[in-house]
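Chain identifiers are assigned alphabetically (A, B, ...) following the order of the sequence lines, protein sequences preceding nucleic acid strands; residue numbering begins at 1 within each chain.
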2 protein chains.
Amino acid sequence: MARTKNTPNDPDRRARILAATVGLLQDEGLSAISARAVATRAGVPVGSVSYHFDSVRALLLEAARSIIELREASLTSWGQTVTAPTIHERLAELVHTQITTGRAITVVAYELYLLGLRDGDFRALGNEATNVLYRQLACHVPEADAHHLATLADGLQLHSLFRTPAPGPEELAAALRPPASPG
Amino acid sequence: MARTKNTPNDPDRRARILAATVGLLQDEGLSAISARAVATRAGVPVGSVSYHFDSVRALLLEAARSIIELREASLTSWGQTVTAPTIHERLAELVHTQITTGRAITVVAYELYLLGLRDGDFRALGNEATNVLYRQLACHVPEADAHHLATLADGLQLHSLFRTPAPGPEELAAALRPPASPG
DNA sequence: CAAGAGTATGTACGTGCGTACATAATCTCA
DNA sequence: TGAGATTATGTACGCACGTACATACTCTTG
């Protein structure tokens, strides 16, 4: 039976499906992701999703990679604002952005990150994501300090996502500096 | 139609369904949880699960509560081994246990914790889980130090779950102490 | 002993899923 | 211009889901 003509070939369709995936992850979370839901969001038939991506898992891996790339680009810009004496303030500002305006993508990053606890391919990406901040910090402070701050910032960011209202940059900076009392 | 007689009433059935849920969470993760999967694991018909728990979400909330109770009991014991001068070593030992012998339950705890980013009831439990360690630490060190160490330990624990092999207690203790260079 | 509460059980409904694949259209290149 | 590669599309399969609920059994209490 003749069907409606196909739409013209769309060179950006794969990229748009991926962008739809990231959008849906931000709005509704990992549990809302299916081939049909992404297809609806991208405005394409479900067959397009399975044509361009081998599986839903392959799609999520690709989405995780693209989020890491976004993060890396934004951390590269951020890294240029950092000096060793201002590192706590700059890091506090970064964390503040990630828990406020960038909250949705940060939440998704953690959801995908945790897939790495049970899936080797996601684990590799999770380690990559962790290293992105570490490398920026290591440009400005000794390696031990960079590890310390990256670990502390991650814990602080995760805890801060649970707080209402979100802590401000000053509070975050204080949390990043070593406490005044001898430990 | 006459059916096989019911099994005798089982006063522990609800608790056993809950234990089966926690077991399944540890072995296969959050994505493997369904009423049918839990019923199979518990050795009961699926109607038992929906009789005792209003929904799968209610079941997961109850599982999260029971994991927090287990954690609280184990931290209460642990808290009695801590003194202020040994806090980094004891905390390192605690983290080491949680990423090695206690790895499965720690991974589940994070999976359930992240549900709190999108669900208010889980969020409340997530805050409770965070406070459990903080309160133990605050018995031994000033509040600012307790916050700092709880945040750092959480970030360290999460990062360490991704490392193979897992870092040892000495490395963890070093990561928990402030770095030697002035920051 | 019987009524009633609590528990156990099996079935069913509507829904959505992942993925495969046959078919057809679009586009490129020789 | 036509062959072939690539892309688009709709349909279908088998599976599993969450939850409801009718029915029946077990146990407790008066």
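- For B/Pro45, taking side-chain heavy atoms from C-beta onward, the closest of the listed nucleotides D/dT9, C/dT9, C/dG18 is C/dT9.
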Quiz prompt | A/Arg123 vs A/Glu128, salt bridge (Lys or Arg N to Asp or Glu O under 4.0 Å): CA-CA, chis, key distance, verdict | solution = CA-CA 9 Å; A/Arg123 174 200 272 92; A/Glu128 175 63 24; over 6 Å; no
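- The CG atom of A/Leu24 sits 15 Å away from the C1' atom of C/dC17 (whole-angstrom rounding).
- The side chain of B/Thr7 places no N or O atom within less than 4.0 Å of a non-bridging phosphate oxygen (OP1 or OP2) of C/dA8.
- Side-chain polar atoms of A/Ser74 and A/Ser77 form no donor-acceptor pair below 3.5 angstrom.
- The minimum heavy-atom distance between B/Val141 and B/Ala146, with the atom names listed, is CG2-N, 3.7 Å.
- DNA chain C is contacted by both A/Gly47 and A/Ala32; A/Ala32 maps to the nucleotide lying nearer its 5′ end (nearest heavy atom per residue).
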Grab the N/O contacts between the protein and nucleotides 4-7 of chain D below 3.5 Å, and write none if there aren't any.
from  : atom 1 : to      : atom 2 : distance (Å)
D/dT7 : OP2    : A/Tyr51 : OH     : 3.3

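- When each of C/dA8, C/dA25, C/dA20 is scored by its nearest atom to the side-chain atoms of A/Lys5, the top-ranked nucleotide is C/dA25.
- Atom pair A/Arg36:CZ and D/dC15:P shows a separation of 16 Å (rounding to whole Å applied).
- Tested against A/Thr106, the residues A/Ile67, A/Thr97, A/Ile99, A/Leu161 include a single side chain to side chain contact (heavy atoms under 4.5 Å, CB included) partner, A/Leu161.
- Here the side chain of A/Trp78 pairs a donor or acceptor atom with the backbone of A/Arg90 at under 3.5 angstrom.
- As a whole-Å value, the separation of B/Ile17 CD1 from D/dG18 C1' is 15 Å.
- Residue contacts shown for A/Ser48 include a base, since a base heavy atom lies under 4.0 Å away.
- Between B/Val82 and B/Gln136, every side-chain heavy-atom pair lies at or beyond the 4.5 Å cut-off.
- Rounded to whole Å, the distance from CG on B/Asp12 to C1' on D/dT26 is 16 Å.
- The aromatic rings of B/Tyr134 and B/His147 lie parallel to each other, with less than 30° between the two planes, well short of the 60° mark.
- At whole-Å resolution of the value, CD in A/Glu28 and P in C/dG16 are 13 Å apart.
- Between A/Ala37 and B/Val44, the residue whose closest nucleotide on DNA chain C is further toward the 5' end is B/Val44.
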